[in-house]
Amino acid sequence: MLVCKPRALITYNPVMSDKHSMDGDLDQRIWLTVCAIPAGKLSTYGDVAERAGLPGAARRVGAALRKLPEDSNVPWYRVVNASGKSSLPPGTHGADRQRAHLAAEGILLGAGGAAVLRRYRW
DNA sequence: GCAATGACTATAA
DNA sequence: GTTATAGCCATTG
């Protein structure tokens with residue numbers, strides 16, 4: 001059974017209409033990988049990258065998540081850095097929303113953005 | 001083709 | 001614990 005409905009994914013797809021451009025392909029793969037993280041658990045950029053077939057490309061995962069539209073059902077907020085903290089600049093809109101989303105799933109972030117729950121191991 | 005960029009990471013001090 | 005540094009990968013100009 002599958003993951004979240006990638007409605008927002010399809011909505012975004014920058015240039016999928018044309019033939020040779022598969023630029024959204026990588027992002028999409030990353031997004032789908034993120035969708036596989038169960039609710040209430042966390043994962044890291046590095047792990048997501050590896051599982052998406054891009055070992056070592058943690059930064060690329062960050063870029064993909066940044067492109068993600070707000071109305072997406074992709075649980076981007078379940079992705080944190082290797083330190084178990086949020087990588088979003090504190091005080092920003094994104095960081096706020098991440099805290100809210102995680103709180104809704106029972107994950108509370110400390111003042112510095114440190115998650116209480118242990119990270120999810122694939 | 002090269003240099004700069006970034007929601008990263010591992011290591012060392 | 002934290003900070004500093006040097007790799008890392010794919011995109012972008």
Side-chain angles (χ1 to χ4, degrees):
Chain A
M1 62 137 300
L2 238 25
V3 303
C4 42
K5 278 262 153 241
R7 171 165 55 89
L9 271 63
I10 302 167
T11 302
Y12 180 68
N13 268 337
V15 218
M16 194 173 148
S17 28
D18 259 40
K19 37 196 144 186
H20 76 44
S21 284
M22 298 242 300
D23 37 338
D25 189 37
L26 188 64
D27 290 334
Q28 194 164 10
R29 207 160 57 207
I30 293 173
W31 294 339
L32 288 176
T33 304
V34 171
C35 284
I37 304 174
K41 299 281 182 168
L42 297 176
S43 190
T44 67
Y45 293 92
D47 282 357
V48 170
E50 184 174 346
R51 201 163 139 64
L54 299 161
R59 310 188 75 126
R60 189 85 274 287
V61 173
L65 293 188
R66 189 181 62 77
K67 281 182 173 183
L68 213 48
E70 266 198 56
D71 54 5
S72 163
N73 15 28
V74 176
W76 56 269
Y77 44 84
R78 294 183 196 143
V79 182
V80 295
N81 60 28
S83 309
K85 301 184 192 173
S86 169
S87 277
L88 283 75
T92 64
H93 182 62
D96 240 13
R97 285 174 46 245
Q98 181 173 33
R99 259 173 56 108
H101 276 294
L102 289 181
E105 296 188 357
I107 303 174
L108 298 181
L109 296 183
V116 176
L117 251 57
R118 208 167 310 198
R119 77 188 182 91
Y120 172 62
R121 312 269 300 166
W122 305 92

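So you know, we letter chains A, B, ... as the sequences are listed, proteins then strands, and number each from 1. The model shown is predicted, which means the values in this text are computed figures rather than measured ones.
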Heavy-atom closest pair, residues A:Val79 and A:Thr44: CG1-C, 4.0 Å
Summary of protein contacts for nucleotides 7-13 of chain B, nucleotide by nucleotide, where a base hit scores B, a sugar-phosphate-only hit scores S (4.0 Å, heavy atoms): BBSS---
N/O donor-acceptor pair under 3.5 Å between A:Arg29 side chain and A:Ala52 backbone: yes
Pair listing, side-chain hydrogen bond (donor to acceptor under 3.5 Å, both in side chains) test, anchored in residues 49-58 of chain A, at least two apart: none
All ring-ring contact (aromatic ring centres under 6.0 Å, His included) counterparts of A:Tyr45, not counting sequence neighbours: none
Ring geometry between A:Trp76 and A:His101 (parallel below 30°, tilted from 30 to 60°, perpendicular above 60°): perpendicular
